[in-house]
Participant: 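Would you mind keeping the following structure in view while I ask a few things?
Per chain, numbering begins at 1; letters A, B, ... match sequence-line order.
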Amino acid sequence: MGAPADRPWPGTEAEAVAEQERIRRAADLASPGPAPGEVDRIAGVDVAYDPGSDLTVAAAVVLDAATLEVVEEAVHTGRSRFPYVPGLLAFRELPGVLAALEKLSAPPGLVVCDGYGYAHPRRAGLAVHLGVLTGLPCFGVAKSPFAFSHTEPGPRRGDSSPLLDGRRDPPEVVGRALRTRSGVKPVFVSAGHGIGLEHACAHTLRLTPRHRLPETTRGADGLSRRVLAEIARDRREPRGAARG
DNA sequence: GCGACAG
DNA sequence: ATCTTGTCGC
């Protein structure tokens, strides 16, 4: 898994920060984007990491937007080349994700990321970055509030509260804490490239008929983990004549 | 300077 | 992200 052919991949944190400034300037942060019903295929992407090595498996799972059934899957195995640094997650995850997306027979109409988009120190989180690199509408659904603040949303599914960046003088709304299941901890939704917060939240609710997390991220998470476990097993119990 | 901080 | 068992509930 390499870097995207047309953009330099940073080797240092300073370069990564500079690249994020460029990504933000290139991003479409204003379009309302596709509403539910206006896209046929929605993809979820995620990456699994091997604790004992630098092996990674990225997965892209495409769902039928109406039935939420899996219609296509793709994976890409590679090696992590960038450490996890809060605020720079995209540089660790995107190379593999891009490679997996390219293996799909056709690009999806929308991509859901496991992490943030606009809700980011430089407004260039994973979903914004992936959107700029692919040109696809893309938003983020994260499991924890990162460095942002929020008040507890109402207790029922669909209730929400603003996610705020308190590091700004007038605290800015960067996303939404959204309850996808009654009585269960909310998820944190933020806009990305080519889709606004309103539609991102609407899609998130459509994608969570029965679980806290969207079916897209559940699918991608499960697939990347299964493939990684498979590779790890084959290493311990080699099959066939292949070796080394 | 230190801590917190998506995955 | 990953290491980790059983348990409670829909």
Participant: At under 4.0 Å between heavy atoms, which parts of nucleotides 2-7 of chain B does protein reach? Answer with one letter per nucleotide, 5' to 3': B base, S sugar-phosphate only, - none.
Facilitator: ---BBB
Participant: Roughly, in whole Å, what's the span from CZ in Phe91(A) to P in dA1(C)?
Facilitator: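 Phe91(A) atom CZ is separated from dA1(C) atom P by 20 Å.
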Participant: Can you tell whether the side chains of Arg179(A) and Glu152(A) come within less than 4.0 Å, N to carboxylate O?
Facilitator: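 Yes, Arg179(A) and Glu152(A) are salt-bridged.
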Participant: Does anything in residues 160-187 of chain A form a ring-ring contact (aromatic ring centres under 6.0 Å, His included)? List the pairs, not counting sequence neighbours.
Facilitator: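 ring-ring contact (aromatic ring centres under 6.0 Å, His included) check on residues 160-187 of chain A returns no pairs.
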Participant: Between the side chain of Arg41(A) and the main-chain N/O of Ala106(A), is any donor-acceptor distance below 3.5 Å?
Facilitator: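 Yes: the side chain of Arg41(A) pairs with the backbone of Ala106(A).
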Participant: Along nucleotides 5-10 of chain C, 5' to 3', which nucleotides get a B, which get an S, and which get a -, given that the test is a protein heavy-atom distance under 4.0 Å?
Facilitator: ------
Participant: Is there a donor-acceptor pair under 3.5 Å between the side chain of His199(A) and the backbone N or O of Pro32(A)?
Facilitator: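 Yes, His199(A) side chain to Pro32(A) backbone: donor-acceptor pair under 3.5 Å.
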Participant: What stems show up for DNA chain C when you take Watson-Crick pairs (N1-N3 plus N6-O4 or O6-N4) and G-U wobbles (N1-O2, O6-N3), both under 3.5 Å, and require three or more consecutive pairs?
Facilitator: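 Listed by first number, the stems come to none.
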Participant: Does the side chain of Leu136(A) reach to within under 4.5 Å of the side chain of Cys138(A), using non-hydrogen atoms?
Facilitator: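 Side-chain contact under 4.5 Å: no.
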Participant: Less than 4.5 Å apart, side chain to side chain, heavy atoms only: is that true for Tyr116(A) and Leu126(A)?
Facilitator: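 Result no, sub-4.5 Å side-chain heavy-atom pair not found.
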Participant: Going by an N to O cut-off under 4.0 Å, is there a salt bridge joining Glu198(A) and Arg176(A)?
Facilitator: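 Yes, Glu198(A) and Arg176(A) are salt-bridged.
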Participant: Any side-chain to backbone donor/acceptor pair from Arg157(A) onto Thr208(A)? Under 3.5 Å, distance only.
Facilitator: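 Here the side-chain-to-backbone pair exists.
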Participant: Can you tell me which stems DNA chain B forms, taking runs of 3 or more consecutive Watson-Crick or G-U pairs with both distances under 3.5 Å?
Facilitator: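 Ordered by first number, the stems with DNA chain B amount to none, as no run of 3 pairs exists.
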Participant: How would you list all residue pairs meeting side chain to side chain donor-acceptor pair (under 3.5 Å) that involve residues 220-232 of chain A, not counting sequence neighbours?
Facilitator: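 As it turns out, the side chain to side chain donor-acceptor pair (under 3.5 Å) pairs with a partner in residues 220-232 of chain A, which skip direct neighbours, are Asp221(A)-Arg225(A).
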Participant: Should Asp114(A) and Lys143(A) count as an ion pair when the cut-off is N to O under 4.0 Å?
Facilitator: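 Salt bridge between Asp114(A) and Lys143(A), a charged N being under 4.0 Å from a carboxylate O: yes.
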Participant: A cation-pi test, strictly: NZ or CZ of Arg123(A) under 6.0 Å from the centre of the six-membered ring of Tyr118(A) and no more than 45 degrees from its axis. Yes or no?
Facilitator: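 Yes, Arg123(A) lies over the aromatic ring of Tyr118(A).
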